[in-house]
Amino acid sequence: MKNVTVNASRSYDIIIGHGILPMTGQEICKRVTACTAAIVTDNIVDSLYSDAVCKSLQETGFSICKFVFKHGESSKNLTTFGQILEFLAQNQLTKSDIVVALGGGVTGDIAGFAASVYLRGIKLIQIPTTFLAAIDSSVGGKTAIDLAVGKNLAGTFYQPSLVLCDPDSFSTLPKNVFADGIAEAIKYGVLSAPQLFDKLAQGNPHLDLASIIEQCVTIKRDLVMRDEYDNGDRQLLNFGHTIGHAIEHCSGYTITHGHAVAIGMVTISQAAWQLGLSDLDCSKPIKASLLANNLPVSSPFTAKQLSEAALLDKKRRQDSITLVIPRKIGQCILHQIPISSLYNFINQGIREEA
Ligand code: GLY
């Protein structure tokens, strides 16, 4: 079993281990006195993993209640958020009880948001069941719901009390959902782990997932501890995301997050090289690595469509936007540009090379 400790506004462990899902109760008990656990999950994860988690929690003295919502991003809204809060109140959860977010990014985000505001905050346990959620949204305390105007426009910073990650739960993921996690892991390689990047670039399907998760969450942990509230270095985690979010938006969310981030990483790297901001042309190794993992490297959208969509992004601050630029594989920097330059930047990134 691997353990990564986060010392942010709350200190907590990220426990990573094959087969730990049926030991959920034992792991939580080490840190929280037995009480009521409200499990929040979607209907797909419920049918796969709720029984093991509930059994373990009951065996270790927890009372259980469970809120199940329809799977998918369309549920991450004010209505479901309100229903979760009402559910917690109807089940009389108190400050000594816990919310257990069992599922992917949608579940972690919305359950985390509810836990952060119910009674002004009750303890939250994240149990990510997707590769993507394991290395990103379950760690670092960002919670969110979507508003009609855009994704993740309302939320809080609220650190969990524990993250429990069982890579065996990824075995039931569709191939493209698993690949979303690979794209995000490649991002961590470009940010600060050239050896991880090289390993992923081989496209080997038999990866040591526990070790990859440990490396990724350690990188994220270090950035969160330096900049919990996202005013500085934490923004490095957005590599590929500004254009990635624009691609998701332009596609009506038919292109999934990891796939869109993959294209975003190529676009930004190519533009950075063309504009003399990188020491090396990182777009070539990034493209090769993505292709080796059956991930896309381009989208059908124009620079105009992408720049207009990128300007809706919450990362924009007044008249400028901060982009993450790879200097070389393993080193990225923050680079602010005026929003008037964004079209040209993206155009450089999607232009076919002569
Ligand atoms: N997903 C990026 C962050 O947590 O800052």
Side-chain angles (χ1 to χ4, degrees), residues 4-10 12 14 73 76 101 103-113 115-116 124 126 128 130-146 150-160 163 165 177 180-193 196 212-249 253 256-265 268 310 313-317 321-326 332-335:
V4 177
T5 302
V6 184
N7 290 310
S9 52
R10 177 179 284 121
Y12 57 97
I14 304 164
E73 187 75 29
K76 206 174 97 178
V106 168
T107 302
D109 281 2
I110 196 165
F113 191 19
S116 76
L124 167 69
Q126 290 276 9
T130 67
F131 190 13
L132 183 58
I135 60 175
D136 188 21
S137 56
S138 64
V139 174
K142 281 189 182 174
T143 79
I145 56 167
D146 303 334
K151 244 183 111 166
N152 293 340
L153 290 185
T156 50
F157 287 99
Y158 190 71
Q159 301 296 336
V163 181
C165 176
V177 179
D180 280 333
I182 295 276
E184 203 76 24
I186 290 172
K187 176 198 83 175
Y188 285 103
V190 180
L191 283 185
S192 61
L196 172 64
I212 292 171
I213 295 163
E214 181 186 29
Q215 289 177 71
C216 293
V217 298
T218 300
I219 295 168
K220 179 158 185 177
R221 184 273 310 268
D222 292 347
L223 290 168
V224 167
M225 282 171 54
R226 283 218 297 274
D227 174 30
E228 181 172 352
Y229 299 106
D230 211 13
N231 294 311
D233 281 357
R234 184 170 179 163
Q235 293 172 57
L236 289 165
L237 294 167
N238 294 333
F239 175 49
H241 281 58
T242 300
I243 294 167
H245 285 157
I247 290 167
E248 283 181 88
H249 180 88
Y253 294 93
T256 57
H257 180 70
H259 287 61
V261 166
I263 303 163
M265 290 192 289
I268 212 90
D313 199 284
K314 65 185 179 314
K315 291 185 282 298
R316 172 182 167 185
R317 296 193 187 188
I321 191 154
T322 302
L323 300 174
V324 184
I325 304 288
C332 291
I333 54 161
L334 297 175
H335 179 75

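When a ligand or atom number is given, it counts from 1 through the structure's own listing order.
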Inset, instruction - Given side-chain contact (heavy atoms from CB on, under 4.5 Å), test Leu237 with Lys187 step by step and report yes or no. - result: CA-CA 8 Å; Leu237 294 167; Lys187 176 198 83 175; 3.9 Å; yes

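- Among all protein heavy atoms, the one lying closest to atom 2 (C) of ligand 1 is Asp136 OD1, 3.7 Å.
- Rounding to the nearest 0.5 angstrom, the gap separating the NE2 atom in His245 from the NZ atom in Lys151 is 5.5 Å.
- Residues Tyr253 and Glu73 bring no donor and acceptor atom of their side chains to less than 3.5 Å of each other.
- If you take OG on Ser192 and CG on Leu223, they are separated by 7.0 Å, rounding to the nearest 0.5 Å.
- The shortest N or O to N or O distance between Lys142 and ligand 1 is below 3.5 Å.
- Close to ligand 1: Lys220, with a non-hydrogen atom less than 4.0 angstrom away.
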